[in-house]
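As structure tokens, the structure follows; a few thoughts come after it.
Just so you know, ligand 1 is whichever comes first in the structure, and atom 1 is the first atom listed for that ligand. Residues take their numbers from the sequence shown, with the count starting at 1.
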Amino acid sequence: MARATNISLPENPAPSVLAAEVLQALKYRIGKDATVATPYDWLTASIKVVRDRVIDRWMKGTKEAYERQEKRVYYLSLEFLIGRLMRDAFSNLGLMEAMREALSSLGVDLDRIAALEPDAALGNGGLGRLAACFMESMATVDIPAHGYGIRYANGMFRQEIQDGWQVELPETWLDHGNPWEFERRERAFEVGFGGAVESVAGPEGADERHVWHPNERVLAVAYDTPVVGWRANRVNTLRLWSGMPVDPILLDRFNAGDYVGALAESNKADTLSRVLYPADSHKEGQELRFRQEYFFSSASLQDILQRHLSQYGGLSSLPDKAAIHLNDTHPAIAVPELMRLLIDVHGMDFDQAWDVTRRTFAYTNHTLLPEALESWPVPLFERLLPRHMQIVYAINAAVLLEARTTGRFDGGQIASISLIQENGDRRVRMGNLAFIGSHSVNGVSALHTELMKETVFADLHRLYPERINNKTNGITPRRWLFQCNSGLTGLAREAIGDRFLDDIEALGDLGKLAGDAAFREKFAAVKRANKARLANLVAERLGIKVDPSALFDIQIKRIHEYKRQLLNILEAISLYDQIRSHPERDWTPRVKFFGGKAAPSYHNAKLIIKLANDVARVINGDPSVRGLLKVVFVPNYNVSAAEVMMPAADLSEQISTAGMEASGTGNMKFALNGALTIGTLDGANVEIRERVGDENIFIFGLTAEEVAERRANGYEPRAVVEASRELSQAIAAVSSGVFSPGDPSRYRDLMDGLYQHDWFMVAADFDAYAATQRAVDDVWRDSPDWYARAIRNVAHMSWFSSDRTIREYAKEIWNVPV
Ligand SMILES: *Cc1c(COP(=O)(O)O)cnc(C)c1O
């Protein structure tokens, strides 16, 4: 395959120098020589060598930011789905080929050790991956930035499929150590929980002061990972916090002979950074989750304030020198925490603290799904964070007074603005808290942002009409094109030159080659090679043989009812029926790939995984299908799997119920790698259509407006199902146990749901979806036309680079120069 990313920087060392450095690292940092080194030792040594090479740049960036008094961006996120880092760093430093040669001269294969690197899965899905792409883009466009999160000992669970069911196993990515990180024992902050608040009368005329006495304390210790931008323009820091016991307490207890108590304390501290909650777009109302959110928010803010104070001496200038970004509501507790630190610890008065806070924070909303909007019961909030509860009440009083004073809100509207939800049990609404505490609130696609104004934040939007803005998501083209698709990158360099490597807009030059037959053939050959690579993987790992010349139709993403894997599976069943009933027709050979994890507590999502596997078993084993249709469920979908599957796709499935997918970023990765999209007008699909053009995308189904209308006017799915012969047959087959003969009622409830409420409009969209799939078949058969469309997709996706997104954040939200 073409060596796509063998850019190299002028100061880069020769392979022989790197080889010597690897041997040095092996000897002095691991304590081994080449004869006894394991593949993991070679991996660690290689990473250390490259890590050493970024340190100078890392320090230079930090020093310059300090000397020039540059404003810094702080990105707070409970998730960073970074995946493997070695290729990223080698490639962005221009060291890929030199390292390959260096290792080869030592008898080590770079690809083999690269495959051993654990996939750092400190996130669930799109939200965490966005944070990772943003970190890379901020370094690339030269913004001084820190990411802040939690160093989970167990990231996203590893998924195995046993007898068709999802089984969750712990992911232990730190088993072989983590050669990327620097532990910063000296950068540690205490975080408290519980206890009581003492009110102390101020001197004559002054406000009373509040002193919080927590009854539990843990230490947050920093671990830093360098994040290298493209061509190493800048190296930023991802700082992840790990929980540790506060030593003095423990020593006292050990000294007093309380071994058990001391060890329990230590366990409690560890628990905070033990495990990532595996819930995506789902409420996770556990106390430990709330503790994790406060733990990392508090440690990050203390760190930020300490840095600011040591440089500027006071905190009134904070908004001019720091932009703190809240990635969803998970760090929303940072709003009252900053207030507490400013008022109680640093002596600022309430009004000034509130002004500083609002000018410092900005918030991104990621979902409108009611089941994903965070709120915490008032009693829990009060018990764990009594001082923050007081501050939340004080903020609420001020905002509600402001709203009432306008005279434009009735009682119901005031209640919807309130930070406290009063119906049912009383809860603190974290979305409202993040909104009210920020100067900017952004959605992640044009459609999502508009819906935000009309639904969850309608009243807050009327109160603060300037606050909501849109920043359509993006993906980094380094990982999602240059690294994962060296064939296509190499072909593009050959065809249009290297300019697009630094200016992704230049990829547009490929558009004019869509009509060039010779180029189309080369493009098809690259796609074919990527498909062969996936076919090999599937053969090796799952023992399923698929034909790389078939249409590869791929749906990989979290398993969720709104993403409608069920629609896709039902269409597969219907196609299976038709292939058998009409063997004389000219069917397009197709392989339908599925991949994705279900939240362990999400019953229907897990059942959908089982159904995909049951359907796969029946269809793949039926000789009358003659190999025209295969279904494959690829286990353990993660960033590394995505890197293999995106480049191998012909068709990208983006079929969520309109209005429910905030943006999607998987849709962008596929199109950038030359897949055509079949999708609804949802999330960023709308904007992808605008850029690639109507003829180069397959759009079907209800619009968001139509979905809302149907729901409002009493949607009756039964009639819709019965009107569709194909759909009723497919549902009947599943319901009656055709795919689960040993347990015929397995899917009855799932299918009954389609008849009874069909909240996700599977029935309403089925016929349109199936018809569009047949239109896809037609275009596929006209192969030059297909590849022309695929090439136009690649050419017109550059706008979805996360560099563009980050520049917009920088200019319109953070006010930092780019
Ligand atoms: C991009 C990505 C996602 C997001 O996919 P969507 O289709 O946008 O939901 C989730 N998981 C991984 C591993 C990804 O790389």
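- Under the side-chain hydrogen bond (donor to acceptor under 3.5 Å, both in side chains) criterion, Tyr152 pairs with no residue, sequence neighbours left out.
- Under the rule for a side chain to side chain contact (heavy atoms under 4.5 Å, CB included), the partners of Thr455 that lie at least two apart in sequence or sit in another chain are Leu368.
- Surrounding CD of Glu454 are more than 12 heavy atoms belonging to other residues, nucleotides or ligands, all under 6.0 Å away.
- Within the 4.5 Å cutoff, no side-chain heavy atoms of Asn442 are placed close to those of Thr449.
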Write 'none' if nothing qualifies; otherwise put on separate lines each N/O atom of ligand 1 with a protein N/O atom under 3.5 Å away and their distance to 0.1 Å.
residue	atom	partner	partner atom	Å
ligand 1	7 (O)	Lys557	NZ	2.8
ligand 1	8 (O)	Thr665	N	2.8
ligand 1	8 (O)	Gly666	N	3.0
ligand 1	9 (O)	Lys563	NZ	2.7
ligand 1	15 (O)	Lys669	NZ	2.6

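- Under the 6.0 Å distance and 45° angle rule, Arg711 counts as a cation-pi partner of Trp759.
- Note on residues 656-677: pairs passing salt bridge (charged side-chain N to carboxylate O under 4.0 Å, His left out), not counting sequence neighbours, are Lys563-Glu661.
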